[in-house]
Amino acid sequence: MMRKTQLSETARLLKRSVMRDLMKHAVDPQIISLAGGFPANDCIPVETFRASMDRVLTRDGYRALQYGPPYRPLREWLAAYMQQRGVQCEPEQVFITNGAQQGLAILSRLFCDPGDPAVIEAVTFTGVQQVTVGRRLATRTVATHLESGVEVEALEAAFRSEPRPRLAILIPNFHNPLGVSISLEKRQRIVELAARYEVPIVEDDPYSPLRFLGSAPPSMKALDTAERVFYIGSFSKMLAPAMRLGWIVAPKGVEDRVTVLRESIDLESSQLIQRAVFDFAHSGALESHLVQLNATNLRRRNAMLAALEQYLGPLGATWTKPEGGLFVWVTLPETIDSWDLFHRAIAKKVAFIPGAAFAVEGGFRNTMRLNFSNATEERLRDAVQRLAEAMEN
Ligand SMILES: Cc1ncc(COP(=O)(O)O)c(C=O)c1O
């Protein structure tokens with residue numbers, strides 16, 4: 001057996017993702033899971049995607065199954081999609097990745113060497129932490145306001161302190177786990193700060209297509225005249241996680257560096273999947289899929305908020321009210337530890353993720369992340385009622 005001391009420090013430092021451990025509860029059919037970050041199983045467009053796969057294999061034959069460069073029509077489609085959202089970019093600035101997570105890994109390599117400082121939110125998606133720990137970065141954390149997104153004064157303080165951070169990773173829309181979006185005013189200030197302090201911003205945005213209420217503020221990339229913002233998108237939540245397909249939009253001038261970094265990790269994304277996802281998007285199926293998905297998500301979000309109002313409000317809980325995405329963040333009375341509650345909830349056949357799992361520097365023990373997309377309205381109501389019972393036990 002190999003000794004642990006033979007492994008790199010990085011391999012030893014990386015913790016097993018708590019999410020992965022908790023996720024096993026998500027697959028037990030007895031348990032109503034509010035734990036996952038999954039788009040709704042019943043909304044995944046299996047048949048329409050099968051048609052795209054068939055068309056691609058019939059038309060492209062071996063080319064769909066060979067090594068190949070990033071699929072140009074998909075890059076062009078993505079450039080046009082980003083342009084609709086106000087981002088002026090050429091297909092050459094769009095890099096196909098295996099999901100947003102790989103985008104984070106690539107951009108961390110583009111800017112940071114081990115030990116370099118990077119700014120992340122104090123409560124953030126666990127995959128962001130896996131990247132900063134995995135790359136041995138010195139993280140500085142900033143707080144996130146539950147109604148307007150990351151705290152800009154804290155961000156400026158982090159940008160101003162020496163040594164200057166090499167990178168900041170922010171989640172702009174329907175934050176995982178907080179459900180909040182960054183306000184327009186804050187977006188403008190963030191791009192100004194990035195320009196003034198010359199800190200690249202990674203705008204990690206898998207959730208913006210999942211808006212079901214309100215109007216979308218421009219992405220930070222669209223406001224970024226100084227070319228400091230690197231945008232990351234993903235098909236995971238808008239189509240299906242198993243595509244493992246996402247993209248980076250980078251400013252001009254770094255194309256060949258991003259390309260070689262990407263190639264050093266895994267050569268390229270699957271030709272078959274790139275072609276099938278392009279077919280799906282180009283045929284208009286993606287657009288109608290999103291209309292359906294967001295209508296379902298809105299109904300489920302409303303059911304969850306109504307159940308929270310009925311069952312958890314009287315117990316002193318408060319929660320965010322997302323206009324899209326997959327998550328509600330609940331703050332419980334301070335006397336309640338959500339890890340203890342988790343075990344009591346599992347006994348009542350409900351799973352969620354304790355908020356502390358997302359807290360980079362600890363704390364947030366009286367919080368939890370609830371997913372509303374992957375259960376029917378009836379089951380969501382039932383689950384929240386059981387949570388309330390678990391709190392009262
Ligand atoms: C904020 C955020 N970034 C990145 C990812 C990773 O997404 P992907 O499946 O595209 O790698 C997730 C997944 O949950 C996420 O919530």
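Owing to the predicted nature of the structure, the values given are computational and were not obtained by experimental measurement. Counting starts at 1 for both ligands and their atoms, following the listed order.
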Undergrad: What pairs meet the ring-ring contact (aromatic ring centres under 6.0 Å, His included) rule with one or both residues in residues 88-119, with sequence neighbours excluded?
TA: Phe111-Phe230
Undergrad: As a test of reading the model: which residues have a non-hydrogen atom less than 4.0 Å away from ligand 1?
TA: Gly99, Ala100, Gln101, Phe125, Ile171, Asn176, Asp204, Pro206, Tyr207, Ser234, Ser236, Lys237, Arg244
Undergrad: How about Arg275 and Ser52: does a side-chain donor come under 3.5 Å of a side-chain acceptor?
TA: no
Undergrad: Just checking Glu334: does its CD atom have more than 12 heavy atoms from other residues, nucleotides or ligands closer to it than 6.0 angstrom?
TA: no
Undergrad: Hey, are Asp204 and Lys221 close enough for a salt bridge, meaning a charged N less than 4.0 Å from a carboxylate O?
TA: no
Undergrad: May I have the step-by-step check of ring-ring contact (aromatic ring centres under 6.0 Å, His included) for Phe342 and Phe352, ending in yes or no?
TA: CA-CA 7 Å; Phe342 175 80; Phe352 64 87; 5.7 Å; yes
Undergrad: Does one side chain, of Asn173 or Glu323, offer a donor that lies under 3.5 Å from an acceptor on the other?
TA: no
